[in-house]
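The structure under discussion appears below in the form of structure tokens.
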Amino acid sequence: MANVELKNVTKKFDKNVTAVDNATFKINDKEFVVLVGPSGCGKSTTLRMIAGLDTVTDGEIFIDDKLVNDIPPKDRDIAMVFQNYALYPHMTVYQNLAFGLKLRKHPKKEIDARVREAADILEIEKLLDRKPKALSGGQRQRVAVGRAIVRKPKVFLFDEPLSNLDAKLRVQMRTEISKLRHRLETTMIYVTHDQMEAMTMGDRIVIMKDGIVHQIDTPLTLYNQPKNQFVAGFIGSPAMNFMKGKLEKGAGLWFDEGEFRLKLAENYNTMLHNYPEKEIVMGIRPEDIYDKTVSANTSHSDQIPFRVDVVELMGNEIFVYLKTDQHSLIARMKTDNPPQVNEQIDVVFNMQKLYFFDSETGERIVHSVGQG
Ligand code: ATP
């Protein structure tokens with residue numbers, strides 16, 4: 001059991017590549033924290049520094065309140081599960097599981113007990129005599145996790161452990177890892193580029209881009225109160241829609257997008273008072289856009305005409321790609337009466353669910369009623 005803390009941690013590979021830039025955050029004992037972000041954002045490097053596989057250029061890393069910058073990986077009491085599983089091909093599953101303990105010269109009896117316990121937890125008892133090449137991807141994944149479990153480490157580190165699995169197996173292993181963390185009650189740090197994995201597994205999520213930590217919060221807070229346009233666009237699928245426009249004061253406050261104007265509810269007046277006549281970015285999630293004919297809510301905007309470009313049937317809902325001359329939007333609608341491709345439909349926006357971002361900094365403009 002341990003907490004993990006990063007204080008102003010920077011990693012430079014050479015003068016030009018800053019992989020991690022001044023990262024500061026604390027992961028509590030028994031917490032499951034996911035590091036997420038697009039390719040190259042520095043999430044693996046962050047994990048590797050915690051593991052001790054990459055050195056820290058600047059800053060400090062603590063495990064269990066102990067500075068570990070100069071402590072080699074084997075003495076950090078952590079176990080890491082890699083994307084490629086890193087199993088020894090010439091060893092059986094049993095030997096793979098036992099190997100780390102053997103190196104550390106644990107007694108044979110204890111090794112056997114720990115291997116069998118891990119095999120039981122992961123339901124791989126029947127595979128103990130097989131070699132990795134005779135295992136499916138999901139089974140190999142389990143063995144890789146098992147190898148970490150037998151060590152009984154203070155902290156588990158996972159580096160994209162599910163990315164080699166097919167979609168169905170990924171979802172299955174996702175729930176298994178979630179169950180595992182409740183059973184093991186150990187601090188876990190999990191790296192993925194998949195926002196869905198992050199949202200479903202993490203107690204908290206650290207979201208990174210270009211080496212910089214943009215926000216650290218619970219999945220729901222990230223979704224409902226993103227700090228900036230990047231976080232708003234990265235979390236949620238399909239992604240939030242963004243439109244540039246200008247604020248105008250007339251009878252009330254208006255967002256003039258060019259092709260259409262939206263009258264904003266009173267509560268946005270105070271929030272946006274620093275942005276008179278300025279360019280601003282508006283965001284709206286796909287589920288907050290409705291077909292006018294099936295919506296009769298007073299908090300909705302006036303209708304806006306769009307052409308239906310693509311319709312994706314998902315079963316319980318549909319994703320409708322909408323177009324005007326200059327814009328594309330995605331709406332997530334009910335399946336009752338799906339629109340046809342090329343049909344003109346009138347849509348309305350839920351005016352209580354708008355987000356606004358500073359068009360220069362990308363920061364979300366906050367303090368609106370209901371948006372925190
Ligand atoms: P991915 O999801 O693609 O693995 P990531 O978010 O894990 O990406 P990192 O692997 O941490 O990103 O890489 C962060 C940055 O550091 C990238 O620009 C990468 O090219 C660079 N980088 C990583 N490892 C090295 C290295 N050994 N030498 C030089 N540059 C590196």
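Just so you know, ligand 1 is whichever comes first in the structure, and atom 1 is the first atom listed for that ligand. Just so it is clear, the structure is predicted and the values come from calculations on it, not from any experiment. In this chain, numbering begins with 1 at the start of the sequence shown.
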How far is [atom] from its nearest protein heavy atom, and which residue and atom name does that atom have?
atom	value
atom 31 (C) of ligand 1	F13 CD1, 3.2 Å
atom 16 (O) of ligand 1	A19 CB, 3.3 Å
atom 4 (O) of ligand 1	S44 OG, 3.8 Å
atom 3 (O) of ligand 1	S39 OG, 2.6 Å
atom 9 (P) of ligand 1	T45 OG1, 3.4 Å

Interfacing atoms of ligand 1 (cut-off 4.0 Å, heavy-atom, [X]):
X	value
E160	2 (O)
C41	5 (P), 6 (O), 12 (O)
P38	6 (O)

[X] and [Y] ion-paired at < 4.0 Å:
X	Y	answer
R204	D217	no
D309	R307	yes
K246	E279	no
E176	R181	no

Option nearest atom 2 (O) of ligand 1 (shortest heavy-atom distance, choices K11, K12, K43):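 Of the listed residues, K43 has the closest heavy atom.
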Pick from G40, S163, G211: the one approaching atom 14 (C) of ligand 1 most closely through a non-hydrogen atom: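 It is G40 whose heavy atom sits nearest to atom 14 (C) of ligand 1.
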Atom 20 (O) of ligand 1: any protein heavy atom closer than 4.0 Å: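 Given the 4.0 Å cut-off, atom 20 (O) of ligand 1 does not count as touching protein heavy atoms.
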R48, portion touching ligand 1 at heavy-atom distance under 4.0 Å: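 Neither part.
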Sub-4.0 Å heavy-atom approach of M208 to ligand 1: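 False for this residue.
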Side-chain donor-acceptor pair present, D159, S44, cut-off under 3.5 Å: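 Yes, a side-chain donor-acceptor pair sits under 3.5 Å.
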No-hydrogen, no-angle side-chain donor-acceptor test under 3.5 Å, T221 and T218: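 T218 and T221 do have a side-chain donor-acceptor pair below 3.5 Å.
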Face-on cation placement of K102 at F99 ring, 6.0 Å and 45° thresholds: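 Verdict for F99: no cation-pi partner in K102.
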F230 and its side-chain contact (heavy atoms from CB on, under 4.5 Å) partner, picked from H214, Q215, M208: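 Of the listed options, the one satisfying the test is H214.
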Sidechain-backbone polar pair: Y223 side chain, A232 backbone, donor-acceptor under 3.5 Å: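 No; zero donor-acceptor contacts below 3.5 Å.
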